[in-house]
> 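If you scroll down you'll find the structure; I have some questions about it.
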Amino acid sequence: MSKTYRMQPTAPVPVPAHLDGLNDQQRAVVTAPFQPALVIAGPGSGKTRTLTHRIAHLIQAGVRPERILSLTFTNKAAAEMSRRLADLLGRTGYAVASGTFHSIGRRLIQEHADRFGLPPNFATLDREDAEGLMKRCAADITKPPDTRFPKASTLRDLLSAAINTERDLEPLILERASAFSALTSEIGDCIALYQSRKFEAGVTDFDDLLVLWRRLLREHDDVRESLQRRFDHLLVDEFQDTNPIQCEIVDLMAARHRSVMVVGDDCQAIYSFRGADISNILNFPTRYPEAVTYNLEQNYRSSPELLALANVSISHNPAQFPKQLFTSNPSGPIPANIIARDESEQAAFVAQRILELRDEGVELASIAVLYRAHWHSMELQIELGRRNIPFEIRSGLKFFEQRHIKDVLSLLKFAANPRDTIAFFRFATLVDGIGPAAAARIHDQLLSCGAIPETLSNPRLLSIPKRAAGAFEPIAKVLAELFSEELQQSPSRAIERLRAAFYDDLLARIDDNPANRIRDLDTLVAYAAGQPNIPAFLDSLALDPGTGSDFQADANPETERVILSSVHQAKGLEFQSVFLIWLAEDQFPSARSATGDDLEEERRLFYVAATRAKRDLYLLRPATYFSRTEGRVYARASLFLEELSRSRPPTFESWRLE
DNA sequence: GAGGAAAAGTTTTTT
DNA sequence: ACTTTTCCTC
């Protein structure tokens, strides 16, 4: 007699994948010792891949995943890395802490929210909200409405002075200054008022996520201690685009273990307008004398022709970190320069060429049109629409920044945190007859009444302007309902309730064509349905909830779409074919950045744009365009095209249109 | 103080 | 194209 015993198939012994298929430079980075490391990585050098392998290597060396902190530039990049990591190690669910400075900062601050008097699920103001609040502060401080202010330069000077005294407001607040249209020497008061109102409301802005994280490390010894012990290895991507606060956070987080690897490329620093400081990466070896510098110089992305063009262009910037980029990729077509008659012909060329590329077998999704400013895409949107070429826009307003979405969310935010003045203002002032003054009064009354839902169900207790009473009533009623256990547990039903109670009608009244917005709200409801309760729902949207297409109702994932993107948003991406449009004087480089350091940054931006392409690069400009102030004007070529056309041998060829 | 109409000003880039 | 400001009225 014999019996069959069935063996489970043995899992194949994993090859040490973390070293597989890497070149020598990449391998050195992956296996670098646990000490400060600076990695200078050129475009297309497999930087993300190398970083992922590094993490895999750490895990295989026995480091527990939750003791690794990986900071990336976007949450998307973090998601991409964890996907690759799962592939690499053959299983999922690695608890590597990874995300942006802002998202990680938010999580850490949440753990200690009480120290700052914040509610555990504090909201984070986006730029528009922050500017709105600041403007209200400005309005409250500058009494005489007739003081005319000096133009931007003086205003900036004043703000700089304010920032020198308020170090915690460095550095991003600077550009917000452009939002004030009415300030004189009260800028310091205004900022102070802004800060206090924000914290009274129990909300933060983007900057606070960094500033408070740093305060946790600087001022709370026990938290600093525990954070420094919580992670043993720190990796930071896109380090050239960090600002001084982020840099200090890195230093403090790494102070104990000093296993910190920062990766970046000084030639791709394009965020100084947001406070990024290139000296963070340039001075890294000084701050960490024992740091080892690694280079990733082989480009795996682009053809030699493209790389040659990019290198010629960036060589007009004074030397930065020395590196020698090379590629062994096969030769490709020489980049093309096209001068269109006007912006319409430019759009027509792009559309026509896109169709040809598609016929040649290039997928639409691997074609991108890049530009300096969002409005550069306008004619192209029309033209692509006319020709039924599907496209996706990655610049401009994002899904969650649209007015109707923010209107709806503001009610939920209030229900989650009644102190949130900013949210209250948003929906209260939707009502005819309620302006800023009435909204502030009502909000105060609500906060001091003690029983918010009860008071809302009986709005007669509030001093609503007579004219507004009728319109406010349904809102008050639905607000009271939002505090109920039932709606708290179902964000999607909560949104449906408030839409039915007043918002859909209101939208129809204020919008000529509400169909699209209604569809967006349907999308929002569908998204909310996957969320267990209102706080969790809001939390999931607090930061970088996707660039929009993820949420667009017509987003059919099956449809291949051409990407229209600002150069900034295209950072880190690659495409088979890239169209770079509006390479005209005053457009790219932008007229506002035509000199000095700004010009160098614009040139880096051009470099980033050009190095997104794997094979095809089309450099376009209109010969004339319509200017709002001057009518149709002649456009000279972009400085960057001029520079390229002077180089020998030529790096591009000109196409004549007929 | 609020709202509406008309005029004027404005366009970088964004976690 | 879009938002912000201004000025007027209730």
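Values below: every heavy atom of this structure, side chains too, minus hydrogens, waters and symmetry copies. Chain identifiers are assigned alphabetically (A, B, ...) following the order of the sequence lines, protein sequences preceding nucleic acid strands; residue numbering begins at 1 within each chain. Given the structure is predicted, the values throughout are model-derived calculations rather than measurements.
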> Under 4.0 Å, heavy atoms only, any strand: does Phe101(A) hit a base, just the sugar-phosphate, or nothing?
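Phe101(A): no heavy atom of the nucleic acid under 4.0 Å.
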> Between Asn243(A) (CG) and dT14(B) (P), how many Å, whole number?
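That distance rounds to 17 Å.
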> Using only atom types and a distance under 3.5 Å, with no angle test, would you say the side chain of Arg621(A) pairs donor to acceptor with the backbone of Ala635(A)?
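Checked: pair present.
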> Is it the case that the side chain of Asn280(A) and the backbone of Cys247(A) share a donor-acceptor pair, with hydrogens and angles ignored and the cut-off at 3.5 Å?
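Not at all, since once roles are kept as given, no pair shorter than 3.5 Å links the two residues.
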> Is there a side-chain contact between Gln569(A) and the phosphate of dT13(B), meaning an N or O under 4.0 Å from OP1 or OP2?
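No.
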> Map Phe73(A) and Asp432(A) onto DNA chain B by nearest heavy atom, then report which one ends up closer to the 5' terminus.
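The residue whose closest nucleotide sits nearer the 5' end is Asp432(A).
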> What is the separation between atom CG on Leu397(A) and atom C1' on dT14(B), rounded to the nearest whole Å?
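To the nearest whole Å, that distance equals 13 Å.
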> dC10(C), OP1 or OP2 - any side-chain N/O from Lys466(A) closer than 4.0 Å?
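The answer is no; no side-chain N or O of Lys466(A) sits under 4.0 Å from OP1 or OP2.
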> Salt-bridge test for Asp126(A) and Lys406(A): reply yes if a basic N is under 4.0 Å from a carboxylate O, no otherwise.
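Here Asp126(A) pairs with Lys406(A) in a salt bridge, since their nearest N and O are under 4.0 Å apart.
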> Would you say a side-chain N or O of Ser566(A) is under 4.0 Å from OP1 or OP2 of dT14(B)?
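Checking dT14(B) against Ser566(A), a side-chain N or O does come within under 4.0 Å of OP1 or OP2.
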> Distance check needed: dT15(B) C1' versus Ile109(A) CD1, whole Å only.
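Taking CD1 of Ile109(A) and C1' of dT15(B), I get 14 Å after rounding.
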> Calculate the interatomic distance between Glu401(A) atom CD and dT3(C) atom P; express it in whole Å.
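Those two atoms, CD and P, are 13 Å apart.
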> Does dT4(C) pair with anything, Watson-Crick or G-U wobble, both distances under 3.5 Å, and if so, with which nucleotide?
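When the pairing criteria are applied, dA7(B) turns out to be the nucleotide that pairs with dT4(C).
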> Assert yes or no for the condition that the ring centre distance of Phe502(A) to Phe427(A) is strictly below 6.0 Å.
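When the ring centroids of Phe502(A) and Phe427(A) are compared, they turn out to be at least 6.0 Å apart.
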> Let's test this: given Watson-Crick or G-U wobble pairing with both distances under 3.5 Å, identify the partner of dT14(B).
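Across any shown strand, dT14(B) pairs with none.
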> Which part of the nucleic acid, if any, lies within contact of Val608(A), taking any heavy atom under 4.0 Å across all strands shown: a base, the sugar-phosphate backbone alone, or nothing?
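Nothing: the residue Val608(A), judged by heavy atoms under 4.0 Å, touches no strand.
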> Heavy atoms from C-beta onward define the side chain here; which of dA2(B), dT13(B), dT14(B) lies closest to that of His374(A)?
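Closest nucleotide to the His374(A) side chain: dT13(B).
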> Any base atoms under 4.0 Å from Ala591(A), or only sugar-phosphate, or nothing? Heavy atoms, all strands.
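Since no nucleic acid heavy atom lies under 4.0 Å of Ala591(A), the category is nothing.
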> Could you state the atom-to-atom distance from CD of Glu379(A) to C1' of dT11(B) in whole Å?
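Atom-to-atom, Glu379(A) to dT11(B), this comes out as 14 Å.
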> With the stacking rule set at 5.5 Å and 30°, tell me whether Phe206(A) counts as stacking on dT15(B).
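Yes, Phe206(A) stacks on the base of dT15(B).
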> In terms of side-chain heavy atoms of Thr74(A), which of dT13(B), dA2(B), dT15(B) is nearest?
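Minimum distance to the Thr74(A) side chain belongs to dT15(B).
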> Measure from CG on Asp237(A) to P on dT15(B) and round the result to the nearest Å.
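The distance from CG of Asp237(A) to P of dT15(B) comes to 15 Å, rounded to the nearest Å.
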> Of all the choices, dT14(B), dT15(B), dT13(B), which nucleotide is nearest to the side chain of Tyr271(A) once you look at every atom?
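Of the options given, the side chain of Tyr271(A) lies nearest dT14(B).
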> Do the ring planes of Phe579(A) and Tyr618(A) sit parallel (below 30°), tilted (30 to 60°) or perpendicular (above 60°)?
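Taking Tyr618(A) first and then Phe579(A), their aromatic rings lie parallel (interplane angle under 30°).
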> Nearest-Å distance, CZ (Arg467(A)) to C1' (dC10(C))?
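Going from Arg467(A) (CZ) to dC10(C) (C1'), I get 8 Å.
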> For dG1(B), what is the paired nucleotide under Watson-Crick or G-U wobble rules, both distances under 3.5 Å?
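Paired with dG1(B), as far as the under-3.5 Å criterion goes, is dC10(C).
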> In whole angstrom, give the distance that lies between atom CD1 of Ile382(A) and atom C1' of dA1(C).
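To the nearest whole Å, that distance equals 10 Å.
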> Classify the nucleic acid contact of Leu605(A) as base, sugar-phosphate or nothing, counting any heavy atom under 4.0 Å across all strands shown.
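Leu605(A): no heavy atom of the nucleic acid under 4.0 Å.
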> Let me know, please, whether Ala439(A) or Ala373(A) comes out on the 5' side of the other along DNA chain B by nearest nucleotide.
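With Ala439(A) and Ala373(A) compared, the 5'-side residue is Ala439(A).
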> Tell me the closest heavy-atom pair linking Ser463(A) and Gln445(A), and the distance in Å.
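So the minimum-distance heavy-atom pair works out to OG-NE2, 2.8 Å.
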